[in-house]
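One-based numbering, in listed order, for ligands and for the atoms of each. A quick note: this is a predicted structure, and the numbers were derived from the prediction, not measured.
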Amino acid sequence: MEVGFLGLGIMGTAMARNLIKHGFNVTVWNRTPAKCEELVKEGAAHGRNPADIVKKCNITFAMLADPDVALSVVFDENGVLEQITSSKGYVDMSTVDSITSSKISKAVTEKGGRFVEAPVSGSKKPAEDGALVILAAGDKLLYEEVIPAFNAMGKKSFYLGDVGNGAKMKLVVNMIMGSMMTAFSEGLAVADKAGLSQQTLLDILDLGAIGNGMFRLKGPTMLQHSFPPAFPLKHQQKDMRLALALGDEVAQPMPVAAVSNELYKKARSLGLEDHDFSAVYHAVSEKHDATNGIQTNT
Ligand SMILES: NC(=O)C1=CN([C@@H]2O[C@H](COP(=O)(O)OP(=O)(O)OC[C@H]3O[C@@H](n4cnc5c(N)ncnc54)[C@H](OP(=O)(O)O)[C@@H]3O)[C@@H](O)[C@H]2O)C=CC1
Ligand SMILES: O=CCCC(=O)O
């Protein structure tokens, strides 16, 4: 199957690689072309721009930074929309809000194309392992057509109905995750100031009802003040912001998420945006100024 892939960041590179490994003929595009080189060596073709890719491939996937980027890749010159016709399918897997996704869906379908939004749960390692959880919505026939590709990238796909539902579900999941991370960070910080062993705290948490994969994975590196980016903090803050806007839209108070968002903003203001989102601990713990003290060797 001939497919296109737009956006080779942390996630897109791993996802496109899994498509290649599973026998798809993949043509890739990235704003920074050098990031295509590795995948080209592994068998991908390189497209000059998004329009070029859509022209060549009947189905094109995208994994882009945020709503502005998702829109510009579709609507700008040499963008996706220029080559959308009735035979084309576009699957945007970026984490965006439902308004952005609906704008893209409307434009694609008005030109006769088909659209599925399919944000994912799971980070760098699940992306590498083909173990993402895919939250899809939109054109049901296109969804069914791309299941072999979803199976190459993920361990489970959910079909959630109309466009917008995938985006909303993803934002709810990441709002919960982001709030858990700030509570975890505060717990580690207060334990430390109270003279408790943070390692013992991790061990106790892991044995109880709130033990979870995220604390288990991120806890040990957080104690080292090491935050190698799996899920960049700037994207987590974007997701908190978009989730809060969803809360506004439906008049749901979200005070916990709102305070967490402030902490991610504080972390961004300290220059931590390209570190992993667990670097919010660095902002919460007040042990260091700005990025001083962050370990960079892991
Ligand atoms: N990392 C994670 O754990 C997860 C991330 N996500 C979501 O997936 C998406 C991608 O995340 P991730 O791979 O981590 O992010 P990265 O920051 O690693 O990659 C972002 C991608 O967007 C591209 N991009 C950025 N700005 C522009 C622009 N102005 N025009 C064109 N392309 C641009 C980048 O291109 P360039 O290389 O040129 O900068 C890159 O391909 C985000 O929406 C994120 O929220 C979802 C689940 C997990
Ligand atoms: O959007 C990023 C999600 C990261 C994760 O699910 O671990």
Exercise. Report yes if A65 has an N/O atom closer than 3.5 Å to an N/O atom of ligand 1; otherwise report no.
Key: yes
Self-check item: Distance-only N or O hit between ligand 1 and V120, under 3.5 Å
Solution: no
Quiz item: Quick one: nearest non-hydrogen protein atom to atom 45 (O) of ligand 1, plus distance?
Solution: K238 NZ, 2.7 Å
Quiz item: Considering only heavy atoms, does S121 approach ligand 1 within less than 4.0 Å through its side chain, its backbone, both, or neither?
Solution: neither
Quiz item: Between T95 and ligand 1, is there a nitrogen or oxygen pair with a distance under 3.5 Å?
Solution: yes
Practice problem: Give the numbers and elements of all ligand 1 atoms closer than 4.0 Å to a heavy atom of P232. | Solution: 1 (N), 14 (O)
Quiz item: Should V74 and M63 be counted in the same cluster of Ile, Leu, Val, Met, Phe, Trp and Tyr side chains packed under 4.5 Å apart?
Solution: no
Quiz prompt | Under-4.0 Å salt bridge between E110 and K106 | solution = yes
Practice problem: May I ask you to list the atoms of ligand 1 that are less than 4.0 angstrom from any heavy atom of T32? | Solution: 36 (P), 37 (O), 38 (O)
Exercise. Please say whether V73 places an N or O atom under 3.5 Å from an N or O atom belonging to ligand 1.
Key: no
Quiz item: Name the residues with a heavy atom less than 4.0 Å from ligand 2?
Solution: S121, G122, S123, K170, N174, M177, F231
Exercise. Check whether any N or O atom of S72, backbone or side chain, sits under 3.5 Å from an N or O atom of ligand 1, and answer yes or no.
Key: no
Quiz prompt | Same apolar cluster: V91 and L6, side chain cutoff 4.5 Å | solution = no
Quiz item: Going by the angle between their ring planes, with limits at 30° and 60°, are F115 and Y90 parallel, tilted or perpendicular?
Solution: tilted
Self-check item: Within-shell test, A70 vs ligand 1, heavy atom, strictly < 4.0 Å
Solution: no
Quiz item: Counting heavy atoms only, which of R31, K234, K125 is nearest atom 29 (N) of ligand 1?
Solution: R31
Quiz item: Under a 4.0 Å heavy-atom limit, does N30 contact ligand 1 with its side chain, its backbone, both, or neither?
Solution: side chain
Self-check item: All pairs passing salt bridge (charged side-chain N to carboxylate O under 4.0 Å, His left out) where residues 138-153 contributes a residue, at least two apart
Solution: R114-E145, K140-E144
Exercise. Of the side chain and backbone of M93, name the one, both, or neither that has a heavy atom under 4.0 Å from an atom of ligand 1.
Key: neither
Exercise. Identify whether L233 and F215 are in the same connected component of the hydrophobic contact network (ILVMFWY, side-chain heavy atoms under 4.5 Å).
Key: yes
Self-check item: In one Ile/Leu/Val/Met/Phe/Trp/Tyr side-chain cluster, 4.5 Å: M1, I147
Solution: yes
Quiz item: Just distances here: any N/O of K35 and N/O of ligand 1 closer than 3.5 Å?
Solution: yes
Quiz item: Is there a donor-acceptor pair under 3.5 Å between the side chain of K155 and the backbone N or O of D129?
Solution: no
Quiz item: To the nearest 0.5 Å, how far apart are CD1 in I53 and CD1 in I59?
Solution: 14.0 Å
Self-check item: Heteroatom distance test (S123, ligand 1): nitrogen or oxygen, under 3.5 angstrom
Solution: yes
Quiz item: Any nitrogen or oxygen of M63, main chain or side chain, under 3.5 Å from a nitrogen or oxygen of ligand 1?
Solution: no
Quiz item: At what distance, to the nearest 0.5 angstrom, does CZ of F277 lie from OG of S123?
Solution: 7.0 Å
Exercise. Consider only side-chain heavy atoms of I, L, V, M, F, W and Y, link residues closer than 4.5 Å, and tell whether V3 and V108 are in one cluster.
Key: no
Quiz item: Can you list the ligand 1 atoms lying under 4.0 Å from a non-hydrogen atom of A230?
Solution: 1 (N), 2 (C), 3 (O)
Quiz prompt | For V69, the ligand 1 atoms whose distance to one of its heavy atoms is below 4.0 Å | solution = 24 (N), 26 (N), 27 (C), 28 (C), 29 (N), 30 (N), 31 (C), 32 (N), 33 (C)
Quiz item: Taking atom CG of L263 and atom OG of S185, what is their separation to the nearest 0.5 Å?
Solution: 8.5 Å
Exercise. Would you mind running through ligand 1 and noting each atom that sits below 4.0 Å from a heavy atom of G7?
Key: 41 (O)
Quiz item: Judged by atom type as modelled, is there a donor-acceptor pair below 3.5 Å linking the side chain of D92 to the main-chain atoms of E117?
Solution: no
Self-check item: R17 and E38 ion-paired at < 4.0 Å
Solution: yes
